[in-house]
Number of protein chains: 2
Amino acid sequence: MTVEDKRHLRSILTRQKLLEAAKEVFLQEGFQKATISQMIKKAKVGYGTAYVHFEGKEDLLIVLMEDVMERFYEIAEISFLPKSKHEAEEIIYKQANGFLTMAEAERDMMQVFEQAIGVSSLISDKWKMIREKFIQRISQDVAFTQQNGLARAELNHEIVARGWFFTNEMYLWEIVRNEHQASVEEVAKTITSIYVTGLYI
Amino acid sequence: MTVEDKRHLRSILTRQKLLEAAKEVFLQEGFQKATISQMIKKAKVGYGTAYVHFEGKEDLLIVLMEDVMERFYEIAEISFLPKSKHEAEEIIYKQANGFLTMAEAERDMMQVFEQAIGVSSLISDKWKMIREKFIQRISQDVAFTQQNGLARAELNHEIVARGWFFTNEMYLWEIVRNEHQASVEEVAKTITSIYVTGLYI
DNA sequence: AAAAAATATTGACACAGTGTCATATTCTAT
DNA sequence: ATAGAATATGACACTGTGTCAATATTTTTT
């Protein structure tokens, strides 16, 4: 635990070297083509060492993604108490825009992450947790505005919430893949406008 | 070419045996865990033979999926010429419902397909083509109703179309994964209601 | 009906990557 | 200074892939 514990220090250093090498290899090769052997070679570490510190490729990526995922959780936790339809639109636009802007900012690692979601159930579960967090939050917000009389009460708030998040999520992946034509702002503005007009009274 | 050509007949039979075995293995193991060796063994065919008929696992799955994909294309091609907001809602509901019902009907193979999209760029491209077909079609329909004065003209029809398709697609995958709570009908009804109310005048 | 040509099948092989484990090294505490 | 705990190592066994030269089968030619 202490800094003078050289053994532990070396261990931390090895771990660090592996993480850095893994990041480089992931970014260069993508998740599937990346091999743990490449990472080990790049980290200048014995083969078995990698397996002492990490369970495999997937585990390495999860550790590398932890910061980014933390930030997703933070966005999901922003609270939401609008007093009018107009105010709702403003807040929702800001959230959607923040969400999509994040995709742009973290594009490189998110690209790797997207590939990994398709392959590793460990990583796919991580993303599912983030998604459910968002949906739960949105769902709650919709229910709140429905009780308030701001939103159409005849709609199932859970279904609405999922639908809304799904649009956002798919645009997120488009942006990550660099396939989007329009600017993030216009996308956020347009989808928010439809959603708010469709849901609120 | 003729039926009495025994050589060709045998070849077709071998191909058939491989496809059937592949389907069984894919359904049982999922795309990633499925190995071409298992399929070969199950088909009772020499190892190299599989590579004569198919390029590999991905190729086999693409051939197996061709029917299903054809049906997606058909849904995408249904025409759309509403005279009123109400009529639009009816047509759009039917399309969404058809699209999601298809997911339910073909769940097993679609599950395999979903996994494969994450791994194989060949298959991912196939799905992208289906998606773009849908989006192009929806985009066209939105533009048409905007010119008609039925839909809000200030919104970018391409962005709207993508957003709407994305909600549908993500619900499709939820249904494929059996993760949906609500019935397909209620999902279709709810997302259509928000979309139509949000877009049409 | 036998030889030659065309087509189809086969499995041994080389290769690439993974994860494990017995052993070696380094460090700490006594 | 040495026992023993923590850490690192790479050879090895294993799984799966794709190729190819050899072989088998069917059709065509003579």
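These figures come from a predicted structure and were not determined experimentally. Within every chain, numbering begins at 1; the chains are lettered A, B, ... in the order of the sequence lines, protein sequences first and strands thereafter.
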> Is there a donor-acceptor contact under 3.5 Å linking the side chains of B:Thr197 and A:Arg152?
Replying inline: yes

>> Can you measure B:Met39 atom CE to D:dG18 atom P for me and round it to whole angstrom units?
In response: 11 Å

> Could you state the CZ-C1' distance from A:Phe54 to C:dT18, rounded to the nearest angstrom?
Replying inline: 17 Å

>> I need the CD-P distance between B:Glu58 and D:dG18, as an integer number of Å.
In response: 9 Å

> Rounded to whole angstrom units, what separation is found between the NZ atom of A:Lys33 and the P atom of C:dA16?
Replying inline: 14 Å

> Which pair of non-hydrogen atoms, one from A:Glu87 and one from A:Leu81, has the smallest distance, and what is that distance?
Replying inline: OE2-O, 3.9 Å

>> Starting the side chain at C-beta, find the nucleotide from C:dT9, C:dT10, D:dT27 nearest to B:Arg10.
In response: C:dT9

> Counting just side-chain N and O atoms, does B:Tyr51 come under 4.0 Å of either OP1 or OP2 of D:dG18?
Replying inline: yes

>> If you only use heavy atoms from C-beta on, which nucleotide in C:dT18, D:dG16, D:dA8 is closest to the side chain of B:Thr35?
In response: D:dG16

>> What is the separation between atom CD1 on A:Ile40 and atom P on C:dG17, rounded to the nearest whole Å?
In response: 12 Å

> Hey, which of A:Leu61, A:Ile62, A:Ile36, A:Leu60 is the one that makes side chain to side chain contact (heavy atoms under 4.5 Å, CB included) with A:Phe54?
Replying inline: A:Leu60

>> If you only use heavy atoms from C-beta on, which nucleotide in D:dT27, D:dT19, C:dT18 is closest to the side chain of A:Tyr47?
In response: C:dT18

> To the side chain of A:His53, which of D:dA8, D:dT17, C:dA8 is closest?
Replying inline: D:dA8

> Out of D:dA8, C:dA12, D:dG10, which nucleotide sits closest to the side chain of A:Ser11?
Replying inline: D:dA8

> Looking only at side-chain N and O atoms, does A:Ser37 come under 4.0 Å of OP1 or OP2 in C:dT18?
Replying inline: yes

> Side chains of A:Trp127 and A:Glu169: do they bring a donor and an acceptor to under 3.5 Å?
Replying inline: yes

>> On DNA chain C, does the nearest nucleotide to A:Val52 precede the nearest nucleotide to A:Ile36 from the 5' side, or the other way round? Give the residue.
In response: A:Ile36

> Between A:Lys57 and A:Phe31, is NZ or CZ placed under 6.0 angstrom from the six-membered ring centre and within 45° of the ring axis?
Replying inline: yes

> Does the D:dT26 base have a donor-acceptor partner in the side chain of B:Arg7 within less than 3.5 Å?
Replying inline: yes

>> Under 4.0 Å, counting only non-hydrogen atoms across every strand here, what does B:Thr49 touch: a base, just sugar-phosphate, or nothing?
In response: base

> According to a strict under-4.0 Å criterion, is B:Thr14 in side-chain N/O contact with OP1 or OP2 of C:dA8?
Replying inline: no

>> Using whole Å, what does the distance between atom C1' of nucleotide C:dC27 and atom CG of A:Leu13 come to?
In response: 15 Å

> Nearest-Å distance, NZ (A:Lys41) to C1' (C:dT18)?
Replying inline: 17 Å

> Given atom CD of A:Gln38 and atom P of C:dA16, what is their separation to the nearest angstrom?
Replying inline: 13 Å

